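Keep in mind that what you see is a predicted model, and the values were worked out from it rather than measured. Within every chain, numbering begins at 1; the chains are lettered A, B, ... in the order of the sequence lines, protein sequences first and strands thereafter.
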Amino acid sequence: MTKSLTAATPEIMSSKLKILVPVKRVIDFAIKPRINKAQTGVETKGVKFSMNPFCDIALEESLRIKEANKGLVEKIHAVSIGPTKAQDILRTALAKGVDTTTLVDVGEEEVEPLQVAKILKKVVEKEDSNIVILGKQAIDDDANQTGQMLAGLLNWPQATNASKVEFSGDDVIITREVDGGADTLKAKLPVVITTDLRLNEPRYASLPNIMKAKKKPLEKLKPADLGIELAKKLETLKVEEPPVREPGVVVASVDELVSKLKEFKAI
Amino acid sequence: MLGAARRSALNIGVRVGARRTLKSVTSGIFSTKITRSNGGDRVRLYSSKVVPLTAETYADKVKWNPEFKKLDDEDIKYFTSVLNNANDIITDEQDLLFYNEDWMRKYKGQSQLVLKPRTTEQVLEIILYCNKNKLAVVPQGGNTGLVGGSVPVFDEIVLSLANMNKIRSFDDVSGILKCDAGLILENADNFLAENGYIFPLDLGAKGSCFVGGVVATNAGGLRLLRYGSLHGSVLGLEAVLPDGTIYNSMHSLRKDNTGYDLKQLLIGSEGTLGVITGVSILCPSRPQAVNVAFLAVSSYEAVQKVFVGARKELLEILSAFEFMDDKSQILTARHLGLEHPIESGQYPFYILIETSGSNKDHDDEKLETFLGNMMEEGLVDDGIIAQDETQLKSLWTWREAISEASTIGGGVYKYDVSIPLADLYSLVEDTSARLKEAGMVDIDDDSKPVVEAIGYGHVGDGNLHLNVSVREYSKAIEEVLEPFVYEWIQNKKGSISAEHGLGFQKKNYIGYSKSDVEIEMIKDIKNHYDPNGIMNPYKYV
Ligand SMILES: Cc1cc2nc3c(=O)[nH]c(=O)nc-3n(C[C@H](O)[C@H](O)[C@H](O)COP(=O)(O)OP(=O)(O)OC[C@H]3O[C@@H](n4cnc5c(N)ncnc54)[C@H](O)[C@@H]3O)c2cc1C
């Protein structure tokens, strides 16, 4: 299935890409999150944070687009909305190959997807980006909303859950994995793309590049600098662990299996 | 709220870990290796190859001891009455294979009986009976030992600790863990992780080997540099001796200078004195900040210089320093079917540095400054610092999977040696040269019996693993390698077994590293505690 998406308000086509990659700092994927004592959220003290894996994939994709299409990309700009420590993942992004970065420092405040999208819209305008590549969701809140909201606010076409991104003339061709097959979309710039897991496998940051990245300047802004005032629309009442699953038993023979199943009234 | 994507969707993205594959290999499912090694077609896999019987391969070296009794129905009846659970006794030919064959598929015994007791009392009754009737016994842990010590040579009974796998207690103030000997190392460590502690030993086989097994072999592993040897961290043991004594020092005092420190005799005894049934071990706090860097360097000299620098500049946070040669990485890449993480080219040597500390910012700063200096001095050509836990684990895989990768041609001759650091790598070069001279080695040519001689190991401890990856085990290869390797080590005043032990492989070579006096004393102790010689015979000394 192939369908065309065009922006509601036609924009001037730009042949060079100015990519914006938003990246989020989250508790490392490999670490099991724990609920804090007050049951108001996840314990963050003494816990390892890393770049959200889907953001890492979005970042990787931008780098690959740049490497694979000589002269197509004018710049890749990474932005993170988070605490001061989110600088770490921007350094990683620089080490991997983005050109410039912005930290929108919101302190320890949790920012809701709509707020994030509003901030990103401002950054898009500021950086004059014509393509935003971002993770389909962050693994901390699993909201899966930011890309869509951003596309809405910008009034740009969007292609979510991309598993392949290609360029052909003035067109961006995006493949999405859907139940039982693939959905191929075509769009003209500007466009918002959210990335799925199978799009690529992110690279390592090489030592020489990490060293170089240390010397690159980082832009730091407050939401107010972008004319945004943070306001929450949601209140977290309580956070709970999922119920503990009963441990399984190991059976040694088919007979034992059958008798156990009977015991648990499974057969 | 907790990110369902973490557990579900993302699982696809987790890269291959050495551990998962290890489990499949040790349970004998070799087909998993085949599917995973794309690119490994050049180093052919002998998946269906039958492991030759040790008794036949080494017929000129070892004879069955007629003093031992042959197992009969009466014996099995007795053991059945002791264990009284049909699942704890294995006599089926097919099921026995797992216990008869070793991890390298190099040695194969002919045991007709595996006993899997659940309590120390059951172990006691089994051992007493065996001693009285002169039935030979092989205590077995996770069967990941690399010197043929964990499998029978002839028809010895296998006493597997697999069913004794409980944590007995954990004191979260002192960090003292008390557990059964059959607890899988990784399970012990996962339990400790939940409590903020870490097992003071880690090795590539952690998903399969047992706590009792690592104590019985005095395993060294990847963090000896940081946490020291088991001779220091083990505080007490429970063991059943052949005469029916239950030795117990599980009370675990950190300091206790009353008499001989008897547990030390059992640490590294490789099943020749008794069966270890319980272990009490002191565990350190789990580091909150861990970093891993993978470096490429252009000479062995540079490896040493980086090591000296790391000890000085990383000091208290340095927790592992491992080195690998280029050939080990080529085999590992073929085995994993992955591109090497260092993309800028192939380098003669690679280094893995791990730091463990309590403050990420502090450690990052230290590590990056150190690595920056090393690059400026021209010692490090390229490198990677893991940016998240997934990368951290992936980088470790390139070190931990070497052992498995070395077997992809069909087999491996393993030499685990301790030599003064400066000479460490020359052993690999000299062995390679010797194999080339004999016209035996080619990484791609299947008509040659040897794939490659590779070197890697715990430089931090002066410990080299020389692995000769082969397409088949043969007398001809063995004659080129032995006693050459042992004599080479003796000349450098090194040890022929830094951490894997003696087992069957090195029984006849202990003389290269121990004096006659020492060997006599070892034999005296063995004869004193095991006068009938039923404990793991034909091995050790
Ligand atoms: C991939 C891989 C990586 C490895 N890396 C390292 C490493 O870095 N450092 C290192 O030192 N070793 C390493 N080893 C080898 C190491 O010796 C074993 O992994 C481990 O120590 C053995 O534990 P196990 O439970 O498998 O014991 P087994 O292999 O079952 O037994 C080993 C010996 O101990 C005896 N034994 C086992 N349990 C008992 C018991 N309860 N009482 C008395 N005797 C017993 C056996 O009779 C045998 O002689 C590695 C092995 C593999 C396969």
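Residue B:Glu194 touches chain A through both its backbone and its side chain, counting heavy-atom pairs closer than 4.5 Å. Neither the backbone nor the side chain of B:Asn359 comes within contact range of chain A; no heavy atom of the residue lies under 4.5 Å from a heavy atom of that chain. Heavy atoms of A:Asp56 lying under 4.5 Å from chain B belong exclusively to its side chain. Only the side chain of B:Leu295 comes within less than 4.5 Å of a heavy atom in chain A; its backbone stays farther off. B:Val380 touches chain A through its side chain: at least one heavy atom from C-beta onward sits under 4.5 Å away, while N, CA, C and O do not.
For the atom pair CG of B:Asp361 and CG of A:Asp88, the computed distance is 6.5 Å after rounding to the nearest 0.5 Å. To the nearest 0.5 Å, atoms NZ (A:Lys214) and CD (B:Glu365) are separated by 5.0 Å. Here CD1 of B:Ile385 is found 4.0 Å from CD1 of A:Ile210. Values are rounded to the nearest 0.5 Å. Rounded to the nearest 0.5 Å, atoms CG (B:Leu338) and CD (A:Glu201) are 7.5 Å apart.
Counting all heavy atoms, side chain and backbone alike, B:Glu368 lies closest to A:Met211 at O-CE, 3.2 Å. For A:Asp28 against B:Thr390, the heavy-atom pair with the smallest separation is OD1-N, 4.5 Å.
For the set A:Met51, A:Lys85, A:Glu256, the entry with the most heavy-atom pairs within less than 4.5 Å of chain B is A:Lys85.
Judged by distance alone, the side chain of B:Asp388 and the main-chain N or O of A:Ser50 form no donor-acceptor pair under 3.5 Å.
Annotation for A:Glu108: atom CD does not count as buried by contact number, only 12 or fewer foreign heavy atoms lying within 6.0 Å. Atom CD of A:Glu67 is surrounded by more than 12 heavy atoms from other residues, nucleotides or ligands within 6.0 Å. Atom NZ of B:Lys360 has more than 12 heavy atoms from other residues, nucleotides or ligands within 6.0 Å.
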Is there a side chain to side chain contact (heavy atoms under 4.5 Å, CB included) between B:Leu392 and A:Lys48 once you walk through the steps? CA-CA 12 Å; B:Leu392 195 144; A:Lys48 176 157 182 168; 4.0 Å; yes
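For residues 82-93 of chain B, heavy-atom neighbours of chain A at less than 4.5 Å comprise B:Asn87, sorted by residue number.
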